[in-house]
There are 2 protein chains.
Amino acid sequence: MTLDDRKLKILHAIIRNYLETGEPVGSRTISKYTDLNLSSATIRNEMSDLEEMGFIVQPHTSAGRIPSDKGYRLYVDSMMEIKDKEIEELKEVILEKEEKVERMLKSVAKVLASNTNYATMISAPAIQGNRVKFLQLSRMDDNQILAVVVADGNVIKNNIIPVSEKISDETLLKLNLLLNTNLCGKSIDEINLSVITAMKQQAGIHQDVVSDVIDALAESIKTEEDLQIYTSGATNIFKYPELADNQKASDIIHTLEEKQQLTELVNETLSDETNTGIQVYIGDEAPIQSMKDCSIVTATYDLGDGMRGTIGIVGPKRMDYDKVVSTLKNITHQLDDMYKK
Amino acid sequence: MTLDDRKLKILHAIIRNYLETGEPVGSRTISKYTDLNLSSATIRNEMSDLEEMGFIVQPHTSAGRIPSDKGYRLYVDSMMEIKDKEIEELKEVILEKEEKVERMLKSVAKVLASNTNYATMISAPAIQGNRVKFLQLSRMDDNQILAVVVADGNVIKNNIIPVSEKISDETLLKLNLLLNTNLCGKSIDEINLSVITAMKQQAGIHQDVVSDVIDALAESIKTEEDLQIYTSGATNIFKYPELADNQKASDIIHTLEEKQQLTELVNETLSDETNTGIQVYIGDEAPIQSMKDCSIVTATYDLGDGMRGTIGIVGPKRMDYDKVVSTLKNITHQLDDMYKK
DNA sequence: GTTAGCACTCCACCCTTTTGAGTGCTAACA
DNA sequence: TGTTAGCACTCAAAAGGGTGGAGTGCTAAC
């Protein structure tokens with residue numbers, strides 16, 4: 001059996017109708033509300049074929065048909081040429097250019113959620129090739145030294161280091177020079193034991209301080225193993241009856257709240273550098289058990305300096321793929337643009 | 001009518017039973033499962049009285065009784081002498097002494113949620129009387145200066161300030177001296193316009209840098225208007241049928257997710273410095289509309305340096321007040337202790 | 001290849017009945 | 001006067017039963 005043009009048209013009609021209503025769609029509906037001019041009986045025959053081919057399924061005998069995961073997949077794939085709609089609101093939010101990336105991301109998640117009526121997640125950029133850019137010790141008081149480390153992507157970490165005795169201004173100056181000359185421009189891999197021991201030797205009696213700084217540095221530089229993820233609009237789930245069942249909703253929201261499992265998803269999307277940056281997971285395709293009744297659309301953004309992150313939208317399988325994909329395209333473009341200048 | 005000892009016993013029995021089962025409790029149950037040795041008929045008479053007094057209500061005629069908010073209030077008040085149970089798990093978490101307060105608080109929320117089976121929230125300490133402790137400018141490269149501000153409670157803020165032309169080492173040294181002498185030990189109120197203009201005058205051609213530093217400082221020092229709140233275990237709500245109704249659950253979880261309304265609650269508890277630090281809001285008593293079917297138990301912790309925050313537990317009205325209160329007592333003590341040394 | 005017609009299926013809805021837990025009231029008892 | 005047994009009554013929730021509608025598969029005719 002071959003999936004000819006007419007079958008394709010009927011399949012599309014079924015899916016679009018189901019996306020709108022969420023109800024199983026029958027032959028009569030298709031016959032009436034398309035310009036195919038076919039009777040319901042003919043549609044029935046075609047639908048029977050489509051079911052046999054696995055694109056649609058019947059929830060029970062004598063109910064209409066709903067798209068299977070395979071059907072969605074076909075639809076999504078054939079829909080991937082996207083118009084560039086404007087999403088004014090989003091534009092505005094981003095253009096406000098909030099100083100802190102974190103806060104910006106949170107509001108993107110929020111706006112996106114209220115805009116689309118789905119749940120959203122956004123991962124903070126995970127720095128990849130990470131180098132020390134700048135490094136500074138200063139004395140807060142006699143017993144405390146403040147260490148500031150700036151890494152690629154202007155990620156700043158502070159650490160307060162307690163010292164047993166006052167460190168003189170000259171010593172501090174020396175240590176700063178020592179650390180900067182030895183560490184600036186180096187990535188975490190390049191700071192090996194020999195570098196460290198060499199530094200300690202030069203530091204003389206202030207070895208302890210050097211150790212502490214190295215520790216602080218290690219922490220600030222390592223690709224945060226638990227990457228930050230912000231979610232929003234989890235309760236939008238309740239707007240879709242097929243997910244609003246207590247058990248399902250609880251599982252989904254819990255997953256969004258816990259975030260643990262989301263990191264897997266993020267890592268997966270980030271590692272895949274092939275396509276346009278938009279990926280659609282339908283049902284079981286996503287590596288998240290609790291979301292087997294959902295679809296997840298993800299996009300990757302790039303802020304330069306190797307700072308890449310993921311935006312994701314979680315909704316019912318019958319989500320408005322069209323809108324979601326173009327919204328995501330739009331928003332990632334804006335993010336990319338914004339930091340490119 | 002007077003609330004004599006027998007009535008009290010019956011009321012307690014009703015509440016305890018309802019806390020366990022979540023079902024309206026009838027006269028027969030009380031008659032059988034207490035050591036009062038009274039027939040159900042007698043209990044009925046007493047219950048009728050208790051209802052008239054407003055301690056219990058009937059969801060509908062010919063159903064058992066459930067406690068009213070007033071009834072819960074009586075119960076909670078008379079229960080407030082608490083045993084100090086150990087909660088080993090919590091102890092361990094806190095004793096791990098995670099370097100970052102933020103992360104520590106998150107895990108406290110998490111453990112607390114999984115321990116109690118209720119939803120939890122915890123607010124990061126809001127600094128109160130806030131003074132500049134230390135201040136440092138350093139040159140990252142020719143076009144960027146890094147400003148670090150340390151405030152009371154070792155709250156550190158960084159700001160990268162772009163400059164149009166290179167600032168020499170001496171100038172930087174001067175500016176540092178200027179800023180520190182003028183601003184250290186000052187609270188936000190004390191940094192008024194005259195201080196700022198005086199500083200600008202002394203800064204000469206580097207007024208711009210001074211302005212920028214002042215801005216960074218203002219931001220770091222002000223009591224963050226949007227205080228950080230972490231929540232966990234929102235989906236525990238689903239474990240209680242009386243809250244698991246879609247509309248209610250959605251509202252509650254949304255409130256927990258949005259956090260906006262929680263700040264009101266936090267501010268209210270923080271401002272009330274009267275009692276033991278534990279407060280119980282039953283139903284409408286809390287300033288959060290969506291939680292009118294819940295009870296909220298809050299506790300205040302104090303990390304010294306005027307850093308105070310709130311821990312809250314949100315559950316059904318029939319929550320296990322006993323356990324919750326002692327758990328909270330315990331945890332706040334531990335937090336207080338931990339930072340006291 | 002397309003269509004009309006028909007028999008059949010099954011869910012969703014409404015209505016009724018049944019059941020069980022619980023109450024209020026009254027009369028009897030200590 | 002307080003306590004108890006008994007009984008009639010109420011109501012929500014569960015269990016049945018019937019109906020209608022939407023939808024299908026199949027067959028025969030065009």
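Only heavy atoms go into these numbers, but all of them, side chains included; no hydrogens, no water, no symmetry mates. First the proteins, then the strands, lettered A, B, ... as listed; each starts at 1.
In this structure, A/Asn45 atom CG and D/dG23 atom C1' are separated by 14 Å, rounded to whole Å. When rounded to the nearest whole Å, the span between CD1 of B/Ile43 and P of C/dA21 equals 18 Å. Between the CZ atom of B/Arg6 and the P atom of D/dT1 there is a distance of 15 Å, given to the nearest Å. A straight line from CD1 of A/Ile66 to C1' of D/dG23 spans 14 Å, rounded to a whole angstrom. Put simply, CG on B/Asp49 is 12 Å from P on C/dC25, counting in whole angstrom units. In this structure, B/His60 places its NE2 atom 10 Å from P of C/dG22, rounding to the nearest Å. Atoms CG (B/Leu50) and P (C/dG24) sit 12 Å apart, rounded to a whole Å. Protein atom CG of B/Asp5 is 17 Å distant from nucleotide atom C1' of D/dG2, rounded to whole Å.
Within 4.0 Å (heavy atoms only), A/Ala63 reaches sugar-phosphate atoms of the nucleic acid but no base atom.
A/Thr29 contributes no side-chain N or O that, together with a main-chain N or O of A/Val25, makes up a donor-acceptor pair within less than 3.5 Å. Although no hydrogens or angles enter the test, the distance criterion places a donor-acceptor pair under 3.5 Å between the side chain of A/Ser123 and the main chain of A/Thr310.
You'll find that the side chain of A/Gln58 is closest to D/dT24, out of D/dT3, D/dT24, C/dA4. Side-chain proximity of A/Met47 to the nucleotides C/dT2, D/dT3, D/dT24 is greatest for D/dT24.
The closest side-chain heavy-atom distance from A/Thr263 to A/Ile229 is below 4.5 Å. Counting only heavy atoms from C-beta outward, the side chains of A/His12 and A/Leu8 approach each other to under 4.5 Å.
Between the side chain of B/Ser62 and the base of D/dT10, a donor-acceptor pair under 3.5 Å is found.
OP1 and OP2 of C/dA4 both lie 4.0 Å or more from every side-chain N or O belonging to A/Arg44. Taking side-chain N and O atoms only, A/Arg65 has a distance below 4.0 Å to OP1 or OP2 of D/dT24.
DNA chain C is contacted by A/Asn37, A/Leu38, A/Ser39 of residues 20-39 of chain A, taking any non-hydrogen atom closer than 4.0 Å.
In summary, B/Glu285 and B/Arg73 engage in a salt bridge, as defined by a charged side-chain N under 4.0 Å from a carboxylate O. Remark: B/Lys110 engages A/Glu258 in a salt bridge, criterion side-chain N to carboxylate O under 4.0 Å.
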How far apart are the C-alpha atoms of A/Tyr18 and A/Tyr72, what are their side-chain angles, what is the distance that settles it, and do they pass the side chain to side chain contact (heavy atoms under 4.5 Å, CB included) test? CA-CA 11 Å; A/Tyr18 182 68; A/Tyr72 280 126; 3.2 Å; yes
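Nearest-nucleotide assignment on DNA chain D puts the 5′-proximal partner with B/Glu46, out of B/Glu46 and B/Thr61.
Figure legend. D/dC9 is base-paired to C/dG22; pairs are counted as Watson-Crick or G-U wobble with both atom distances under 3.5 Å. Pair check for D/dC30 finds C/dG1; Watson-Crick or G-U wobble, both atom distances under 3.5 Å.
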